[in-house]
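What's counted below: heavy atoms across the whole structure, side chains too, no hydrogens, waters or symmetry copies.
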Amino acid sequence: MTNAQIAKLLRHVAASYTIKNEAKFRFQIIAYQKAAEAIESSSTEIKDLAAEERLQTIPGVGPSMQQHLKDLFSKGSVPHFDKVMEDIPQAVFPLLDIPSFGPKKAYKLVTHFKLKDQSSVIADIKNLAEEGEIAKLEGFGEKSQADILQAINEYGLGVNKTSRMVLPFASEIAGKLIEYLKKSPSVLQVYPLGSLRRKKETIGDVDIAVATKKPQEVLDYFVAYPYKERIIEKGNASASLLISGGKHIDLMVQPPEAFGSLLQHFTGSKDHNIHLREYALKKGFSLSEYGIHKKSNPHKLEQYETEEKFYKALGLDWIPPEIRENAGEIELAEKHNLPQLIALSDMRGDFHLHSNFPIEPSHDAGADTMETMLKKAEELNYNYLGFSEHNPSRSNHTPKQVYELLTKRSKKIDQLRKSTNSVHIFSLLETDILPNGNLAIDDESLSLLDGTLISIHSVFGMSKLEMTKRVLKGLRHPKAKILTHPTGRLINQRPGYELEWEEIFAFCKTENKAIEVNSWPVRLDLPDSLVRRAVESGVKLFINTDSHAVSHMDLMRYGVWVARRGFATKDDILNALEYNKLAAWFKK
DNA sequence: GCCGTTTTCGGCCCGACTGTTTTCAGTCG
């Protein structure tokens, strides 16, 4: 069962409690929703955490929830969940995926019209709306009937509560809108917020905040955005648009003198904000997007023009957005002990570069020459780089031919080294780990290199145990230095294979092997939560782009964001080291 | 159901917006 499926199940339990008696079960509902949220945003599989007895590391998963999840994995069902949900018609649940449908509305419709079939309930509601039956219900009217019809139609076109965009796609949408907003003279400042500002690997809605003295003008201008599908809502302080592809853009506005609290509020995460507000309450403060009310003087609103001042008023250091996920950051900010997170400007080189040098690789070759990639590295002010094409394919070459190809490549790299004073060049390769754990080329060929990246590119379907043995055997090779895109996942495309991370991390730490944070936006691999565990285990990391063209070398920032989300500092990242230290590491 | 430098009991973030309503319920972030 995936995290998304588990989160959905917990939300169904929460919805069932809401339908049964919202007041009575108020806090159970919150607890189930919090747990669902935390599980959904965890990039570690809950199934693995359960197997490792580490479920308690998820905030919001307490003793009861742990037992329920254990039941789920061992028996395939949870007696307690079944009991809570037994009186609720199954047809309620599919409706909850549709925006604007909550538990109460879904239950009212399903029971009133006696709908039983889970697979047709959405079509059934649509028919009833088209026939004008829903408007006759108490509490519904013509407008809500039309809204239901619209929501169902849009749901059919892909608008739902769960689908998420990869980060660059969301950035592009936000960028266009920000460009548009900046043309309004009433817009003083404009920023992308929410998960976009926290640089989460996927983004649900695009959130934007504007500082303005003329909120109505800005809101009017916003909803006039020419590339919208329609206006979802528009009030005095916020508005929402639907754009093509079924995505929402939410805008909030505040005057400049209160912009700090709006930035804080709208950046989230929701969990961070809830925790921050609970923390503040204990200190006698009540927080909102408008500012702070002190218990000692509850009618006066303190406003803050910057986030720094807002956090400071609570006795906290400013917390970088990437780590606002309620994972201990508030406590660290209170003790003035937040980590100095790695920054893009700390990066001194890139070790995952595929040039077009003709070594007849096993997987995709790069599009550009070594020379152009080197020039780009100079432009980026790098001190060093490592070329790391895929190894020559095994099926088309004898070991001798592989050796000859790599010898030619070594000569080329030697030439290049003479052409530059500013950038040191490492001769690497990205070598496949074969299913039996051997590397794809022999020791004689590997001896031509300064070291090699190793990775899995085939036979993904192995068990966790077998895959772990395979990777450990690959890492054991003295030339193997960096385990690249270590989970093999592709975001929104495939989950990747499973590994015993504790074993991998322990091995890397003692044997001086490094793990890559791959910056390719669909990989972002290691994922942030595993970066955090790697950092806590003392494992060293590289942040690399996996460039197959010169333009990809600019993607480094994505990997840096992932590392930041994983609490990595400069000390954790090997390609932030100065050249001599790094060269020494390669020779270890 | 979760959680802890007020607490292992007794609290639990704070607000916007809409539709159907004459004061609120539901959904959402």
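Under the 3.5 Å distance criterion, with hydrogens and angles disregarded, a donor-acceptor pair is assigned to the side chains of A:E334 and A:Y279. A:N153 and A:K126 are linked by a side-chain donor-acceptor pair at a separation below 3.5 angstrom, with hydrogens and angles left out of the test. Looking at A:S261 and A:Q264, their side chains never bring a donor and an acceptor atom within 3.5 Å of each other. Side chain to side chain, A:S163 and A:K247 meet the donor-acceptor criterion of an N or O pair below 3.5 Å.
A:E37 has its CD atom 16 Å from the P atom of B:dC2, to the nearest Å. Whole-Å rounding puts the A:L242 CG to B:dG29 P distance at 12 Å. Per the geometry, CG belonging to A:L314 stands 12 Å off P belonging to B:dC14, to the nearest Å. Protein atom CZ of A:F101 is 14 Å distant from nucleotide atom C1' of B:dG19, rounded to whole Å. Separating the CD atom of A:E278 from the C1' atom of B:dT5 is a distance of 16 Å, rounded to the nearest angstrom. Between the P atom of B:dG29 and the CD atom of A:E289 lies a distance of 14 Å, rounded to the nearest Å. Atom NE2 of A:H265 is separated from atom P of B:dA16 by 9 Å (rounded to the nearest Å). One interatomic measurement links the two molecules: NZ of A:K104 to C1' of B:dT27, which rounds to 10 Å at whole-angstrom precision.
Comparing B:dT20 with B:dG11, their C1' atoms are spaced 35 Å from each other, to the whole Å. Taking atom P in both B:dT21 and B:dG26, the straight-line distance is 13 Å, to the nearest Å. For B:dC9 and B:dT27, the P atoms lie 36 Å apart once the distance is rounded to whole Å. Rounded to whole Å, the P atom of B:dC17 lies 22 Å from the corresponding atom of B:dT22. Between B:dT7 and B:dC2, the distance separating the two C1' atoms is 14 Å to the nearest Å. Distance noted for atom C1' between B:dC13 and B:dC28: 15 Å (whole Å).
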Pair A:F222-A:Y180, ring pair (Phe, Tyr, Trp, His ring centres under 6.0 Å): steps then yes or no: CA-CA 9 Å; A:F222 171 70; A:Y180 170 77; 8.1 Å; no
A:E131 vs A:N127, side chain to side chain donor-acceptor pair (under 3.5 Å): CA-CA, chis, key distance, verdict: CA-CA 6 Å; A:E131 287 160 13; A:N127 289 336; 5.7 Å; no
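Using a 4.5 Å heavy-atom threshold, the side chains of A:S171 and A:L196 count as touching.
Aromatic stacking of A:F27 on B:dC2: not satisfied for centres closer than 5.5 Å together with planes under 30 degrees.
If A:K105 and A:R26 are placed on DNA chain B by their nearest nucleotide, the residue sitting closer to the 5' end is A:R26. Nearer to the 5' terminus of DNA chain B, by closest-nucleotide assignment, is the contact made by A:Y32 (compared with the other of A:L287 and A:Y32).
For DNA chain B, the neighbouring residues in residues 136-153 of chain A, judged by any heavy atom under 4.0 Å, are A:G139, A:F140, A:G141, A:E142, A:K143, A:S144, A:D147. Of the residues in residues 217-237 of chain A, those placing a heavy atom less than 4.0 Å from an atom of DNA chain B are A:E233, A:K234, A:G235, A:N236, A:A237, in numerical order. DNA chain B lies under 4.0 Å from at least one heavy atom of each of the following residues of residues 60-76 of chain A: A:G60, A:V61, A:G62, A:P63, A:S64, A:M65, A:H68.
With respect to A:V210, the side-chain contact (heavy atoms from CB on, under 4.5 Å) criterion is satisfied by exactly one of A:L219, A:L262, A:V187: A:V187.
Geometrically, A:K228 does not engage A:Y225 in a cation-pi contact defined by less than 6.0 Å to the ring centre and at most 45° from the axis.
Atom-to-atom distance recorded for A:L332:CG and A:I323:CD1 is 7.0 Å, nearest 0.5 angstrom. How far OH of A:Y107 is from CG of A:D87: 7.5 Å, rounded to the nearest 0.5 Å. Rounding to the nearest 0.5 Å places CG of A:D271 at 8.0 Å from CD of A:E325.
The aromatic rings of A:Y17 and A:Y32 are tilted relative to each other, their planes meeting at an angle between 30° and 60°.
Pairing for B:dT8 is absent, with no Watson-Crick or G-U wobble pair whose two atom distances lie under 3.5 Å.
Residue A:L276 is classed as having no contact, given no heavy-atom separation below 4.0 Å to the nucleic acid. In this structure, A:H293 reaches neither bases nor backbone, as no heavy-atom distance under 4.0 Å exists between it and the strands shown. Residue contacts for A:I30: at a heavy-atom cut-off of 4.0 Å it reaches no nucleic acid atom on any strand shown. A:S286 comes within contact range of the sugar-phosphate backbone alone, with a heavy-atom separation under 4.0 Å but no base atom that close.
With a 6.0 Å radius and a threshold of 12 heavy atoms from other residues, nucleotides or ligands, A:F169 has its CZ atom at or below the threshold.
Side-chain nitrogen and oxygen atoms of A:Y290 include at least one within less than 4.0 Å of the OP1 or OP2 phosphate oxygen of B:dA16.
Closest to the side chain of A:K282, out of B:dA16, B:dC13, B:dT6, is B:dT6. Taking the side chain of A:S288 as heavy atoms from C-beta on, and the options B:dG15, B:dC13, B:dC28, the nearest nucleotide is B:dG15.
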